[in-house]
Amino acid sequence: QQRRMDGFGYCIKHILEDKEAPFSQCQFISKQTGKRCTNPVSIKEVDIRYCAAHKQILGLLPRKAPQPKKIKKKKENDVDLSKFSHKKLSRILSKQGIMHSQAYKAYQASLHPSSTTTTMPSTILNHTT
């Protein structure tokens, strides 16, 4: 259910039923079905022949440029430990012969580089199962 348009008794879908509304029907006719588009077009627009969707299809309106995806830049040896569950991380480390407590110490060391604890080689953490 859609709300009525401001100042009118109909929603955008049924606004063409209001004879006094400043809208006309889109003139686009489908080549496949031969049916006319039922979208309304404001008669206050410059080109009142087609609705916005069909103006884009016909090339009368510029298409919006796609937004580039934001990609996080990671250092080559960085490993995101948050993507591993506790069980999976423990399993990976145990296969490498490393206890979970050692991995935690290495993780803490990576957060605080001034600490003198043992560091974890990134090749071990990059191993996936």
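Small disclaimer: the values here were computed from a predicted structure and weren't measured.
Residues P40 and Y10 form no side-chain contact, since every pair of their non-hydrogen atoms from C-beta on lies 4.5 Å or further apart. Looking at heavy atoms from C-beta onward, D47 lies in side-chain contact with K55 at the 4.5 angstrom threshold. In this structure, I12 and M5 have side chains that are in contact, with non-hydrogen atoms separated by less than 4.5 Å.
Within the structure, ring pair (Phe, Tyr, Trp, His ring centres under 6.0 Å) contacts touching residues 18-59 (residues at least two apart or in different chains) are F28-H54.
Residues G34 and I29 come closest through the heavy atom pair O-CG2, 3.6 Å. Between I48 and V41, the shortest heavy-atom contact is O-CG1, 3.6 Å.
In this structure, the separation between NZ on K13 and CG on N39 is 10.5 Å, given to the nearest 0.5 Å.
Side chain of R49 to main chain of C26: no donor-acceptor pair is present (N/O by atom type, distance under 3.5 Å, no hydrogens or angles). Checked by atom type and distance alone, the side chain of Q25 never pairs as donor or acceptor with a backbone atom of L16 at under 3.5 Å.
R36 CZ: more than 12 foreign heavy atoms inside a 6.0 Å radius.
Shown here are the side-chain contact (heavy atoms from CB on, under 4.5 Å) partners of Q32, two or more places apart in sequence or in another chain: S30.
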